Protein chains: 2
Amino acid sequence: MNKQRLTSTLNKAKQVCLEHGRKFTIQRKQILQILLTTDVPLSAYELASCYKLRTSSSVSVMSVYRILSFLESVNLVRRLNSANKYIAYGTDSEVFKRETSLFLICRHCQKVETLAVSHSDVAKLFPHFDDAGFTSQTKQFEMLGVCNECQAKLA
Amino acid sequence: MNKQRLTSTLNKAKQVCLEHGRKFTIQRKQILQILLTTDVPLSAYELASCYKLRTSSSVSVMSVYRILSFLESVNLVRRLNSANKYIAYGTDSEVFKRETSLFLICRHCQKVETLAVSHSDVAKLFPHFDDAGFTSQTKQFEMLGVCNECQAKLA
DNA sequence: GCACAATTGATACATTATAACATATCCATA
DNA sequence: TATGGATATGTTATAATGTATCAATTGTGC
């Protein structure tokens with residue numbers, strides 16, 4: 001993510017927090033910024049380490065979990081279930097706009113690409129889904145595999 | 001799962017193991033049987049407890065993980081990433097037949113329903129999926145929500 | 001019996017996550 | 001100003017999940 005987009009996302013993130021009557025504290029900002037400026041998902045423990053390296057300050061893992069859970073609740077961060085790691089994305093991204101997302105996670109380089117999926121597509125995608133009478137609360141799907149670039153390298 | 005289907009699945013499971021040049025040991029059989037006869041997913045630790053209760057024998061958690069990982073490798077068991085738990089299914093099920101599956105996981109009763117998805121449907125219905133040039137190795141999607149029955153109860 | 005691979009046991013450890021309670025900070029307002 | 005409530009963080013302990021390593025056992029073919 002380039003500098004301009006980062007700044008704009010951080011500003012928007014602050015707005016989002018305020019709109020929820022919550023604060024955009026320095027720690028929340030730092031954690032979000034770390035996630036926005038790394039290209040691979042990070043675990044809570046990795047985030048705590050990163051925090052120490054980048055800021056000459058520190059944050060407890062417990063706080064990292066709380067911060068992540070807060071940032072998730074306002075849709076600024078997502079947890080990848082298949083990796084137990086976390087990602088962020090620009091506030092101009094489809095992920096932030098609360099559509100259903102498909103995360104393509106590369107097993108080699110760990111990078112994650114995001115595609116948007118409409119809810120109607122989801123229903124269409126899975127035959128008999130409507131018959132099942134199941135009320136989905138899921139806004140993300142995860143797919144593991146090999147990305148374009150890694151495939152080229154491996155070939 | 002009824003008794004007849006259980007027996008047939010266990011027999012088929014033995015075949016599958018032998019076809020892979022591996023054994024269908026008593027422990028593997030017990031673990032599989034526990035998974036086949038529970039209606040909710042179980043964690044490795046829960047399986048170890050269950051094993052003790054049901055068999056008057058026991059198995060180390062380490063072994064449970066090895067057994068699960070083996071059973072997964074021959075497609076007799078699946079791990080649910082969103083719950084860190086494991087499920088099995090009849091050998092007559094679509095899941096066993098290696099199609100892509102969608103697991104509908106109920107947040108209330110924990111029960112899991114399975115739908116089959118063809119690979120071509122997956123590619124077709126995520127817009128821009130082909131553009132991404134991503135090679136998927138995923139054979140399952142997980143959806144959290146509320147099942148039919150629980151919804152009726154809650155209403 | 002012996003060699004070999006597959007399986008399991010046992011111990012230790014790593015990683016991920018939550019519980020519980022204390023403290024701090026900020027803001028509205030009495 | 002102070003005080004009360006909500007929000008946020010610190011601290012410690014512990015639970016839950018998972019892996020590494022090496023030894024022991026079991027079964028099978030020769």
Side-chain angles (χ1 to χ4, degrees), chain A residues 13-32 34-35 40-52 55 57-74 76-87 105 107 110 142 144, chain B residues 13-14 16-32 34-35 40-52 55-74 76-87 110 142 144:
Chain A
K14 180 169 187 174
Q15 272 182 36
V16 170
C17 292
L18 297 181
E19 280 162 17
H20 281 81
R22 314 294 293 279
K23 293 164 195 166
F24 193 56
T25 64
I26 182 70
Q27 292 188 332
R28 288 176 178 174
K29 180 177 176 180
Q30 289 288 359
I31 292 292
L32 183 58
I34 292 172
L35 282 176
V40 297
L42 296 175
S43 75
Y45 284 77
E46 288 166 340
L47 277 164
S49 302
C50 251
Y51 194 102
K52 208 172 268 182
T55 67
S57 170
S58 79
V59 62
S60 72
V61 175
M62 185 69 254
S63 289
V64 173
Y65 275 107
R66 283 186 288 221
I67 288 166
L68 287 171
S69 136
F70 164 70
L71 291 175
E72 260 196 286
S73 78
V74 294
L76 289 166
V77 156
R78 288 280 179 93
R79 184 191 132 92
L80 296 179
N81 290 319
S82 46
N84 299 330
K85 291 180 192 293
Y86 301 80
I87 56 172
I105 305 164
R107 281 209 157 101
Q110 323 305 327
E142 300 171 32
L144 294 171
Chain B
K14 181 170 188 173
V16 170
C17 292
L18 297 181
E19 280 162 16
H20 282 80
R22 315 291 294 277
K23 294 164 195 165
F24 193 56
T25 65
I26 181 70
Q27 292 189 331
R28 286 174 180 175
K29 180 177 177 180
Q30 289 287 1
I31 292 292
L32 183 59
I34 292 173
L35 283 177
V40 297
L42 297 175
S43 74
Y45 283 77
E46 287 166 342
L47 277 165
S49 303
C50 253
Y51 194 101
K52 209 173 268 182
T55 66
S56 78
S57 170
S58 79
V59 61
S60 72
V61 176
M62 185 67 253
S63 289
V64 174
Y65 275 107
R66 283 187 288 221
I67 288 166
L68 287 171
S69 136
F70 165 70
L71 291 174
E72 260 196 286
S73 77
V74 295
L76 288 165
V77 156
R78 287 279 180 96
R79 185 190 133 92
L80 296 179
N81 289 319
S82 46
N84 299 331
K85 290 179 192 295
Y86 300 80
I87 56 173
Q110 322 306 328
E142 300 170 34
L144 293 170

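Note on naming: letters A, B, ... go to the chains in the order of the sequence lines (proteins, then strands), and numbering restarts at 1 for each one. Not measured: the values here are computed from a predicted model.
- Geometrically, B:Arg28 engages B:Phe70 in a cation-pi contact defined by less than 6.0 Å to the ring centre and at most 45° from the axis.
- Proximity of B:Val74 to B:Glu19: side-chain heavy atoms (C-beta onward) are nowhere separated by under 4.5 Å.
- The shortest heavy-atom contact between A:Cys17 and A:Phe24 is SG-CD1, 3.6 Å.
- In terms of heavy atoms, A:Ser43 sits closest to A:Lys85 at N-CG, 3.7 Å.
- Chain B approaches DNA chain D over the interval D:dT17 to D:dT21, counting the first and last nucleotide 5' to 3' with an atom under 4.0 Å from its heavy atoms.
- Shown here are the salt bridge (charged side-chain N to carboxylate O under 4.0 Å, His left out) partners of B:Glu72, two or more places apart in sequence or in another chain: there are none.
- In this structure, CD in B:Gln27 is found 8.5 Å from OG1 in B:Thr55, a value given to the nearest 0.5 Å.
- Taking a 4.0 Å limit (strictly below) on heavy-atom distances, residues 57-70 of chain A reaches DNA chain C at A:Met62, A:Tyr65, A:Arg66.
- With values rounded to the nearest 0.5 angstrom, B:Gln30 atom CD is found 11.5 Å from B:Leu47 atom CG.
- In this view, B:Ser69 satisfies the side chain to side chain donor-acceptor pair (under 3.5 Å) rule with no residue, not counting sequence neighbours.
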### Message
If a pair means Watson-Crick or G-U wobble with both distances below 3.5 Å, what does DNA chain D look like in dot-bracket form, with | marking bases paired to a different strand?
### Response
||||||||||||||||||||||||||||||
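- In this structure, CG in B:Leu35 is found 10.0 Å from OH in B:Tyr86, a value given to the nearest 0.5 Å.
- Looking only at side-chain heavy atoms (C-beta outward), A:Asn84 and A:Leu80 stay at 4.5 Å or farther from each other.
- A donor-acceptor contact shorter than 3.5 Å links the side chain of A:Ser49 to the backbone of A:Tyr45.
- The nearest heavy atom of DNA chain C to B:Ile26 and to B:Asn84 marks one nucleotide each, and the one closer to the 5' end goes with B:Ile26.
- Residue A:Phe24 is classed as having no contact, given no heavy-atom separation below 4.0 Å to the nucleic acid.
- Here the CD1 atom belonging to B:Ile31 is positioned 12.0 Å from the OH atom belonging to B:Tyr65, to the nearest 0.5 angstrom.
- Think of the region where chain A sits on DNA chain C: with heavy atoms and a 4.0 Å cut, that region ends 5' and 3' at C:dT16 to C:dC26.
- Under the 3.5 Å distance criterion, the side-chain polar atoms of B:Glu142 are matched with a main-chain donor or acceptor of B:Asn81.
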